[in-house]
Each structure stands twice: as structure tokens, then as C-alpha cells.
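Let me begin by presenting the structure, written as C-alpha cells, before commenting on it.
Letters A, B, ... are given to chains in the order of the sequence lines, protein chains preceding strands, and every chain is numbered from 1.
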Protein chains: 2
Amino acid sequence: MRTADELTGLFRTQGLRVTPQRQAIFRLLHGNDRHPTVDSLYDAARTEMPTISLKTVYQTVHDLEALGQVTLLDLGTGSVRVDPNVESDHQHLVCTSCGLVRDVPLTEVPSLPARYRREFRTDAVEVIFRGVCDQCGPRPSKSPTNQ
Amino acid sequence: MRTADELTGLFRTQGLRVTPQRQAIFRLLHGNDRHPTVDSLYDAARTEMPTISLKTVYQTVHDLEALGQVTLLDLGTGSVRVDPNVESDHQHLVCTSCGLVRDVPLTEVPSLPARYRREFRTDAVEVIFRGVCDQCGPRPSKSPTNQ
DNA sequence: CTTGCTAACGACAATTGTTGTTGATAGCAT
DNA sequence: ATGCTATCAACAACAATTGTCGTTAGCAAG
């Protein structure tokens with residue numbers, strides 16, 4: 001994702017205004033590869049700006065999405081996640097235990113079988129690897145930290 | 001998915017009871033390839049059983065899932081969809097306009113790149129083709145039956 | 001066929017994630 | 001500096017799903 005300053009300029013050229021609230025969100029997202037939920041962004045923003053409202057965070061990430069600066073992902077974890085990585089094409093890995101999401105660059109994704117192409121125009125192919133990360137999963141040996 | 005009668009037997013061996021409500025849901029799902037939402041199942045069930053409650057439908061599809069007789073899909077369409085096809089491995093195609101979901105058998109799905117496998121155990125790989133079906137999409141020519 | 005345990009029922013309230021409304025405030029182009 | 005209006009915070013509304021609870025009825029065993 002672009003820097004907070006670049007986004008400020010971009011927003012202004014689009015007739016959008018850049019408030020302290022939005023700058024805080026820009027900063028929280030820049031270089032963030034944790035795929036935060038809107039709610040976790042909200043929590044983070046509140047530490048430096050206690051009166052910011054959840055609605056403002058939603059509105060800002062939607063604006064960012066409309067400008068192609070983030071992707072909003074629904075990975076079946078119950079809430080939307082913000083993915084600031086729009087530069088490089090990638091897929092996702094999701095831990096079904098802790099909710100961790102990580103980018104996975106794939107050199108090749110499947111294509112829709114030919115006989116479906118007449119009746120369906122594919123705009124995007126999404127691949128999700130579901131499983132357990134090493135923080136959650138039963139390590140092959142040692143420390144039976146089961147949970 | 002198995003027939004309503006087979007499911008009745010299976011439920012009983014598990015100590016679950018089979019009520020008229022559940023049988024109605026079994027019947028509505030058998031041979032159904034439309035990936036209904038819980039709500040549409042609820043509507044369908046109410047036509048023959050006006051007092052059935054939404055909670056009962058939720059409970060029954062969750063029981064079916066626990067017994068491995070259906071899969072509950074979250075395809076980002078806002079609500080869960082019930083997929084009774086548990087016999088053959090397949091992926092899904094989703095129309096972003098009308099919400100249509102269709103099974104797509106894939107001969108091959110991507111695998112997680114080697115360097116991620118040390119830190120993550122993949123349980124399932126999900127592929128979603130997002131796009132527009134021919135009912136919704138701009139037909140190349142003729143009948144502008146838009147919307 | 002009766003009996004009894006308890007799973008499942010319907011009705012309704014509660015929760016969670018997200019969006020709509022509104023009047024006041026403040027960003028920023030001129 | 002000024003004014004238009006986008007954005008704000010607060011709050012209500014919404015949709016999908018789950019929890020609670022007192023009552024009913026499935027069904028296994030006798």
C-alpha cells in the first residue's frame with residue numbers, strides 16, 4: 001500500500017478530505033501484513049484517538065477499497081479483513097484455530113474448465129489454504145501443549 | 001447426499017431423534033444442487049410446515065454437518081450456504097451479481113508452496129471462481145434483458 | 001403398548017458485524 | 001479568510017446467527 005502521504009494526495013485529487021482520523025488509519029495500514037479486521041483497526045486507532053468511531057473506520061476502508069488501495073477479504077472468519085497488499089498478486093492461508101491470515105504468492109492458479117466458460121465469465125480466482133499454523137497446531141513431537 | 005430414509009437411520013444410531021421437521025429438511029436437501037441458504041430452506045420448509053422455526057433449520061443443518069452429510073459454505077455472499085454434495089470433491093463458481101453458486105469439479109488444485117509447509121498444516125484447499133453468469137452478464141448481442 | 005428419559009421443538013431475546021441517519025464540525029479549494 | 005460540503009461522533013437499525021427456556025414428543029427398553 002502507499003504511504004500515508006501518498007494516500008493523502010490521492011484522496012484530495014478525488015475530492016475526498018483527509019482528516020486526522022483517516023491519517024491515523026492510513027498509518028496503521030501502511031506496511032501492515034496482518035490482515036486486520038475493522039474492529040482491530042478500530043481498537044488500534046482508539047489508543048491514539050479515543051473518540052474515533054467504528055463507522056469512521058468502516059467508511060475509510062471502503063473509500064480505500066474504492067480507490068483500489070486495499071482489498072477487503074471475507075475469508076469466512078466472521079468479519080471482513082483489510083489487505084493492504086494490492087501490489088503483488090497473491091492468495092491466502094487461514095488458520096482455522098487462531099484466525100491468522102498470511103499472504104501466499106502462487107505462481108499459478110487453476111482456470112475454469114472450458115465447458116463452464118460459455119456460461120460464466122470469471123473475473124477472479126480465489127484460493128484459500130485452510131489449516132493450522134505452528135502456533136496452534138500439535139507440534140510433531142515434544143511439549144504436548146494441547147489446547 | 002443420502003436419502004431422507006438413510007439419514008433417518010443414521011441420525012437414530014447417533015442418538016438423535018428424527019422429527020417431521022427434520023425429515024422435511026432431509027427431503028429438501030436431497031438431490032439439491034442449488035446451494036440453498038438457511039433462509040431459503042426455511043421458506044421452502046414453511047410451505048409444507050408453516051410453524052417450523054428458523055432455529056430448527058439451523059440446528060438440523062449443523063447436525064447434518066457434524067455427521068459429514070453436508071458442507072456449510074461461506075462464500076462471502078453474506079450468509080451460509082448448504083452444500084449436500086459430499087460425495088465428489090469439487091470447487092465452486094459464484095456469480096457476484098445474482099449469487100448463483102455452482103459446483104465445479106477440478107482435476108487439480110494448487111498446493112501450498114514448500115516453504116510454508118513447515119509452519120502450516122493444510123487441511124483443505126478452497127478455490128472460488130468469482131464472476132458473472134450468463135443470466136446476469138451482458139450478453140454479447142440480442143435481448144437486452146438487463147436485470 | 002406403555003413408560004420415561006431427554007432431544008428437539010417454537011417463541012423470543014440476545015449477539016455480532018455492518019450500515020443508515022442526523023445535526024454539528026472542520027477540511028480545503030478558491 | 002470564506003464557504004461549500006465531506007466527514008465526524010453518536011445512535012439507531014439491520015441481517016445473520018446463536019442462546020435460553022418451558023413444553024412437547026421421539027423412541028428405546030421393558
Side-chain angles (χ1 to χ4, degrees), chain A residues 4-5 7-26 35-67 70-82 99 101, chain B residues 4-5 7-26 35-67 70-82 99 101:
Chain A
D5 283 352
L7 291 173
T8 296
L10 176 61
F11 267 53
R12 288 193 180 144
T13 68
Q14 302 297 315
L16 300 176
R17 291 174 184 167
V18 180
T19 60
Q21 290 87 342
R22 298 195 152 194
Q23 289 177 325
I25 296 169
F26 294 169
H35 305 79
T37 62
V38 173
D39 214 67
S40 72
L41 271 182
Y42 175 51
D43 283 345
R46 259 191 306 182
T47 68
E48 53 178 294
M49 187 170 284
T51 69
I52 192 172
S53 83
L54 182 56
K55 185 79 201 293
T56 298
V57 185
Y58 272 107
Q59 194 165 183
T60 304
V61 298
H62 279 142
D63 287 344
L64 282 166
E65 186 194 32
L67 298 181
V70 302
T71 306
L72 299 184
L73 304 172
D74 184 346
L75 298 170
T77 52
S79 47
V80 165
R81 281 161 182 278
V82 184
V101 176
Chain B
D5 284 351
L7 291 174
T8 297
L10 176 61
F11 267 53
R12 288 195 180 142
T13 67
Q14 302 297 314
L16 301 176
R17 292 173 185 169
V18 180
T19 61
Q21 291 88 340
R22 297 194 151 192
Q23 289 177 327
I25 295 169
F26 293 170
H35 305 80
T37 61
V38 173
D39 213 68
S40 72
L41 270 181
Y42 175 52
D43 284 343
R46 260 191 306 181
T47 68
E48 52 177 294
M49 187 171 284
T51 70
I52 193 174
S53 83
L54 183 57
K55 184 79 201 290
T56 298
V57 184
Y58 272 106
Q59 194 168 182
T60 303
V61 298
H62 279 141
D63 287 344
L64 282 166
E65 187 194 30
L67 298 180
V70 302
T71 306
L72 299 184
L73 304 172
D74 185 345
L75 298 170
T77 52
S79 45
V80 165
R81 284 161 181 277
V82 184
V101 177

### Query
Between the axis at one end of the helix from C:dC1-D:dG30 to C:dT30-D:dA1 and the axis at the other (five pairs apiece), what's the angle to 10 degrees?
40°

### Task
Would you please name every residue forming a side-chain contact (heavy atoms from CB on, under 4.5 Å) with B:Arg17, sequence neighbours left out?
none

### Task
Using salt bridge (Lys or Arg N to Asp or Glu O under 4.0 Å) as the criterion, list what pairs up with A:Glu65, not counting sequence neighbours.
none

### Query
Between atom CD in B:Gln59 and atom P in D:dT18, what is the gap in whole Å?
11 Å

### Query
Once you round it to whole Å, what is the distance between C1' of C:dG17 and CG of A:Leu41?
15 Å

#### Entry: A:Val82 vs A:Leu72, side-chain contact (heavy atoms from CB on, under 4.5 Å): CA-CA, chis, key distance, verdict
CA-CA 5 Å; A:Val82 184; A:Leu72 299 184; 3.9 Å; yes

### Query
Who pairs with B:Thr8 by side-chain hydrogen bond (donor to acceptor under 3.5 Å, both in side chains), at least two apart in sequence or on another chain?
none

### Task
Can you tell me the distance, in whole Å, between the CD1 atom of A:Ile52 and the C1' atom of D:dA10?
14 Å

### Task
Flag the pair A:Leu7 / A:Leu67 as yes when at least one side-chain heavy-atom distance between them is below 4.5 Å, and no otherwise.
no

### Message
Can you measure A:Asp43 atom CG to C:dT16 atom P for me and round it to whole angstrom units?
### Response
14 Å

### Those residues of residues 71-79 of chain B lying under 4.0 Å from DNA chain D by at least one heavy atom
B:Gly78, B:Ser79

### Query
Once you round it to whole Å, what is the distance between P of D:dA13 and OH of A:Tyr58?
19 Å

### Query
Would one find a side-chain N or O of A:Arg22 under 4.0 angstrom from OP1 or OP2 of C:dG27?
no

### Minimum heavy-atom distance A:Thr77-A:Arg81, with the two atoms named
OG1-NE, 3.3 Å

### Message
In this structure, how many angstroms lie between the P atom of C:dA7 and the CD atom of B:Gln21, rounded?
### Response
17 Å

### Query
Sequence neighbours excluded, which residues qualify as salt bridge (Lys or Arg N to Asp or Glu O under 4.0 Å) partners of A:Asp43?
A:Arg46

### Message
On DNA chain D, compare the nucleotides closest to B:Leu54 and A:Met49; which residue's is nearer the 5' end?
### Response
A:Met49

### Task
With sequence neighbours left out, write down each residue that passes side-chain hydrogen bond (donor to acceptor under 3.5 Å, both in side chains) with B:Gln59, or none if nothing qualifies.
none

### Task
Using side-chain hydrogen bond (donor to acceptor under 3.5 Å, both in side chains) as the criterion, list what pairs up with B:Ser40, not counting sequence neighbours.
B:Thr37

### Summary
Protein-proximity profile, nucleotides 19-30 of chain D, B/S/- by nucleotide at the 4.0 Å heavy-atom cutoff, equals BB----BBS---

### Task
Please determine if a side-chain N or O atom of B:His62 lies less than 4.0 Å away from the OP1 or OP2 oxygen of D:dT17.
no

### Message
Does D:dA10 have OP1 or OP2 under 4.0 Å away from a side-chain N or O of A:Ser53?
### Response
no

### Task
Mind calculating the distance between CD (B:Gln14) and C1' (C:dT6) to the nearest angstrom?
17 Å

#### Entry: Residues forming a ring-ring contact (aromatic ring centres under 6.0 Å, His included) with B:Phe11, sequence neighbours excluded
B:Phe26

### Query
Under the side-chain contact (heavy atoms from CB on, under 4.5 Å) test, which residues partner B:Thr56, sequence neighbours left out?
B:Gln21, B:Ile52, B:Ser53, B:Thr60

### Task
Between A:Phe11 and B:Val80, just flag the one whose closest nucleotide in DNA chain D comes earlier from the 5' side.
A:Phe11

### Message
Without decimals, in angstroms, what is the distance between A:Phe26 CZ and D:dT7 C1'?
### Response
12 Å

## Note on the structure
Smallest heavy-atom separation, B:Glu48 atom then B:Ala24 atom, equals OE1-CB, 4.1 Å

